[in-house]
Amino acid sequence: MRFLHGFLAILPVSSSFQLPFKVPFFNSSQQPLRPAVASKPRIAIIGAGAGGTSAAFWIAKAQERFGIDVEVDLYEKESYIGGRSTTVYPYENTSLPATELGASIFVKANKNLWRAVDEFNLTRRDFRDEKGLGIWDGEKLLFTTSGGWWSWWDSAKALFRYGFQSPRRTQTFVSEMISQFLTLYSAETPKWDNITHLSSSLGWSELVSQSTSEYLKAEGVSNQFISELVEASTRVNYGQNADEIHALEGACSLAPTGASAVEGGNFQIFEQFLKHSRANVYINTSVNSISPAASGQWSLDSDRGSETYRAIILAAPWHSTNIELPVSVRISPQPYVHLHVTLFTTTLPSIPPQSFSLPASTKIPPMLLTTFEGARNGGPEPEFNSISYHGLIRDGEWVVKIFSKARISDKWLSKMFDGEIGWVHRKEWDAYPVLPPTSSFPDVTLAHGLYYVNSFEPFISTMETETLSSRNVVDTLLKEFFQSGICGPDAITDKDSEDYVYGWDC
Ligand SMILES: Cc1cc2nc3c(=O)[nH]c(=O)nc-3n(C[C@H](O)[C@H](O)[C@H](O)COP(=O)(O)OP(=O)(O)OC[C@H]3O[C@@H](n4cnc5c(N)ncnc54)[C@H](O)[C@@H]3O)c2cc1C
């Protein structure tokens, strides 16, 4: 009760959220931590990716609305904001277009990101990809279409190869998932402390407990459609085959119609979340351990020393953080897909067909996806998950991205692209969780005052869902300590508006 009263210190709203925001923005690790303001409850956030930066933003929204007097420190071990959302410039030349090295796309149904782009005056653009898609099985080019990415649903070629029913049934499956997903932005959005319960309240228990193949087969979708177009989508988006990945994430990987990105890089959304927060941001600062402190608080040890917090929000996949937790706090091991990203430039407008031992008349589409079906039937597995052209960086030179399970060698690149390779950049990521069918998920509240944003990732792993998870965590934290939520105890909402987004509009 003692600290509850401290947390309830209400400021007049006018003094609680004023522009310009207090931005000790990119503090270097050499600077000492500011002395703590003794009376203020303090919250720490670990990680400056989609999850952590949006958590700081949601707290700022509550400060703006009902003036909670709270101090927020965000710790990031890297030197940049964005986590798995970051860009590089071809030839490290900032006059050339920035290219996404990690998370590339989001869609209109991703209402937090969509809204953030508008509110922060960023420029949204269609995802930069060349038109045309093909599916490679390691030996044969199974299917090609000349339309844009994901426009294959209605293409005559798709109907001819797969018939009418399989694409339609799959489309219905995806549309139903999206309309249910959108309830997470309504004023009546479920709040969750247990993702299994959330899954069941959204009617998704069956989806997460079956593989994408199993689920779609039961819906009458043909094996061929699943092993080609569906699996091409699960492999490019999550590096996993359709018979391995649960059907909810399978549906997400089939959803990117109208894929968009932020001009100059998606990471700018996350920088803006921080700029519009009141958090003190410490980059180049690893958190090393969290342990219980006096009066129910938490002690956080980082490269800067030890600090005490009322609450801590962990917004990074715990397995990759090297953070020591108290023995009483358990997070089950969560394997991640280790993905190799190879970005390079070439003067070839498409991959020469000879590279795949195909007739010279074959046109290889600029987005080449893959299926595991050839390997299932005893053939070779493709050496890559996807190869995609992402537009010109200047006249006569294209930037291309390869996702693969193993390193793509210079020799292989040169062989495939006839020696026409310019700049090359490689990055290995623990990209997304391995997502087998399941019915159990990590805890959202790890202990009183200790919350885990990335508990959501084995359910759905995207930038957007990390902002939803952080919103839920901040709502939970505020309820526990302030008896309120992001929207305040008596939020006035225009919840019937079509554009209503919970957290932004309440
Ligand atoms: C190649 C690739 C492609 C992807 N494509 C898409 C896509 O198109 N669309 C999409 O929506 N999603 C995509 N994703 C997934 C998306 O990137 C993630 O779901 C999302 O960005 C995760 O955000 P996060 O904040 O939870 O974690 P992260 O972005 O991983 O952020 C965690 C942060 O915590 C920091 N950190 C870790 N340990 C510590 C520590 N001890 N102390 C301090 N800081 C620490 C890390 O440095 C990192 O910055 C892709 C991912 C990859 C890798």
Side-chain angles (χ1 to χ4, degrees), residues 29 44-56 73-88 99-107 109-110 112-114 127 129 149 233 236-239 249 252-253 255-256 259-262 266-267 269-270 273-274 281-290 300-304 312-325 336-343 385-386 388 401-404 426-433 435 452-470 473:
S29 59
I45 300 173
I46 304 167
T53 58
S54 56
D73 291 338
L74 183 143
Y75 294 85
E76 168 54 56
K77 74 172 177 190
E78 300 292 345
S79 58
Y80 68 91
I81 304 301
R84 276 171 274 166
S85 172
T86 189
T87 55
V88 288
T99 305
E100 296 287 357
L101 192 57
S104 302
I105 55 165
F106 53 94
V107 294
N110 295 161
N112 288 335
L113 297 185
W114 204 265
F127 180 55
D129 64 326
W149 195 15
S233 305
V236 65
N237 283 296
Y238 288 109
E249 200 69 301
C252 293
S253 66
S260 297
V262 177
N266 296 324
F267 71 91
I269 300 177
F270 309 122
F273 276 147
L274 285 186
V281 180
Y282 299 103
I283 57 169
N284 291 317
T285 310
S286 277
V287 172
N288 306 315
S289 69
I290 297 170
L300 180 150
D301 180 67
S302 78
D303 294 350
R304 294 170 159 264
I312 298 179
I313 297 174
L314 175 56
W318 176 68
H319 80 282
S320 70
T321 60
N322 287 325
I323 296 174
E324 203 180 309
L325 293 172
Y336 271 62
V337 172
H338 191 74
L339 187 77
H340 291 251
V341 177
T342 311
L343 280 178
N385 297 346
S386 60
S388 46
K401 186 185 282 185
I402 299 183
F403 288 164
S404 58
R426 292 184 175 83
K427 169 78 184 168
E428 291 176 44
W429 292 104
D430 276 342
Y432 4 72
L435 294 154
Y452 188 34
V453 172
N454 297 70
S455 54
F456 208 84
E457 275 203 82
F459 190 49
I460 307 178
S461 172
T462 64
M463 297 181 282
E464 175 72 13
T465 41
E466 289 304 280
T467 70
L468 281 170
S469 179
S470 73
V473 155

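Just so you know, ligand 1 is whichever comes first in the structure, and atom 1 is the first atom listed for that ligand. Predicted, not measured: the structure shown is a model, and the values here were computed from it.
For ligand 1 and Ala316, the ligand atoms under 4.0 Å from any heavy atom of the residue are 32 (C), 34 (O), 37 (C). Taking every heavy atom of Glu78 and a limit of under 4.0 angstrom, the matching atoms of ligand 1 come to 47 (O). Proximity to Gly47 (heavy-atom distance under 4.0 Å) selects the following atoms of ligand 1: 33 (C), 34 (O), 35 (C). Within the listing of ligand 1, atoms 43 (C), 44 (N) sit less than 4.0 angstrom from a heavy atom of Tyr75. Taking a cut-off of under 4.0 Å to the non-hydrogen atoms of Gly51, the atoms of ligand 1 that pass are 24 (P), 25 (O). Here is the list of ligand 1 atoms found below 4.0 Å of a heavy atom in Ala315: 32 (C). Remark: ligand 1 atoms within the under-4.0 Å shell around heavy atoms of Gly83 are 29 (O), 31 (O), 48 (C), 49 (O). Distances below 4.0 Å separate heavy atoms of Ser286 from the following atoms of ligand 1: 42 (N).
At least one heavy atom of Asn454 sits closer than 4.0 Å to an atom of ligand 1. Under a 4.0 Å heavy-atom criterion, Thr285 is in contact with ligand 1. By the 4.0 Å heavy-atom criterion, Phe106 is excluded from the residues contacting ligand 1. Using a 4.0 Å cutoff on heavy atoms, Leu339 counts as a contact of ligand 1.
At distances below 3.5 Å, at least one donor-acceptor pair connects side-chain atoms of Asp303 with backbone N or O atoms of Ser286. No donor-acceptor pair closer than 3.5 Å links the side chain of Asp73 to the backbone N or O of Ala44. Not a single donor-acceptor pair under 3.5 Å links the side chain of Arg426 to the backbone N or O of His340. Side-chain atoms of Ser104 come within 3.5 Å of backbone atoms of Gly102 as a donor-acceptor pair (strictly under, hydrogens ignored).
Protein heavy atom nearest atom 11 (O) of ligand 1, with residue, atom name and distance: Met463 N, 2.9 Å. In terms of protein heavy atoms, atom 46 (C) of ligand 1 is closest to Glu76 OE2, 3.5 Å. The protein atom (non-hydrogen) at minimum distance from atom 31 (O) of ligand 1 is Gly49 CA, 3.6 Å.
Ligand 1 has no N or O atom lying under 3.5 Å from any N or O atom of Glu464, backbone or side chain. Where the criterion is an N or O separation shorter than 3.5 Å, residue side chain and backbone included, Val287 meets it with respect to ligand 1. The shortest N or O to N or O distance between Ile105 and ligand 1 is under 3.5 Å. The distance criterion of under 3.5 Å between nitrogen or oxygen atoms is met by Ser104 with respect to ligand 1. Considering backbone and side-chain atoms together, Arg84 places an N or O closer than 3.5 Å to an N or O of ligand 1.
Residues Pro317 and Arg84 form a side-chain contact, since some pair of their non-hydrogen atoms from C-beta on lies under 4.5 Å apart. Side-chain contact between Thr87 and Phe267: present, with at least one pair of heavy atoms (C-beta onward) separated by less than 4.5 Å.
Of all the listed residues (Ala103, Ala50, Ser461), Ala103 holds the heavy atom that lies closest to atom 17 (O) of ligand 1. For the residues Thr321, Val341, Ile323, the heavy atom positioned nearest atom 38 (N) of ligand 1 is part of Thr321. Evaluated by nearest non-hydrogen atom to atom 44 (N) of ligand 1, the leading choice among Glu100, Glu466, Lys77, Lys427 is Lys77.
Between Ile290 and the options Leu314, Asp301, Ile46, a side chain to side chain contact (heavy atoms under 4.5 Å, CB included) holds for only Ile46.
Atoms CD1 and OG1, on Ile460 and Thr465 in that order, are 5.5 Å from each other to the nearest 0.5 Å.
Shortest non-hydrogen contact noted between Glu76 and Gly49 is OE1-N, 4.5 Å.
A donor-acceptor pair shorter than 3.5 Å can be found between the side chains of Glu457 and Tyr336. For the residue pair Asn288/Glu324, the side-chain donor-acceptor check at 3.5 Å is not satisfied. With hydrogens and angles left out, the side-chain atoms of Ser253 and Asn237 include no donor and acceptor closer than 3.5 Å.
Looking at Ser302 against ligand 1, nothing comes within 4.0 Å, counting heavy atoms.
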Run the side chain to side chain contact (heavy atoms under 4.5 Å, CB included) test on Leu74 and Tyr282 for me, step by step, so that the C-alpha distance in whole Å, both residues' side-chain angles and the decisive distance to 0.1 Å come before the verdict. CA-CA 6 Å; Leu74 183 143; Tyr282 299 103; over 6 Å; no
What do the steps show when you test Phe459 against Phe456 for ring-ring contact (aromatic ring centres under 6.0 Å, His included), and what is the final call? CA-CA 5 Å; Phe459 190 49; Phe456 208 84; 5.2 Å; yes
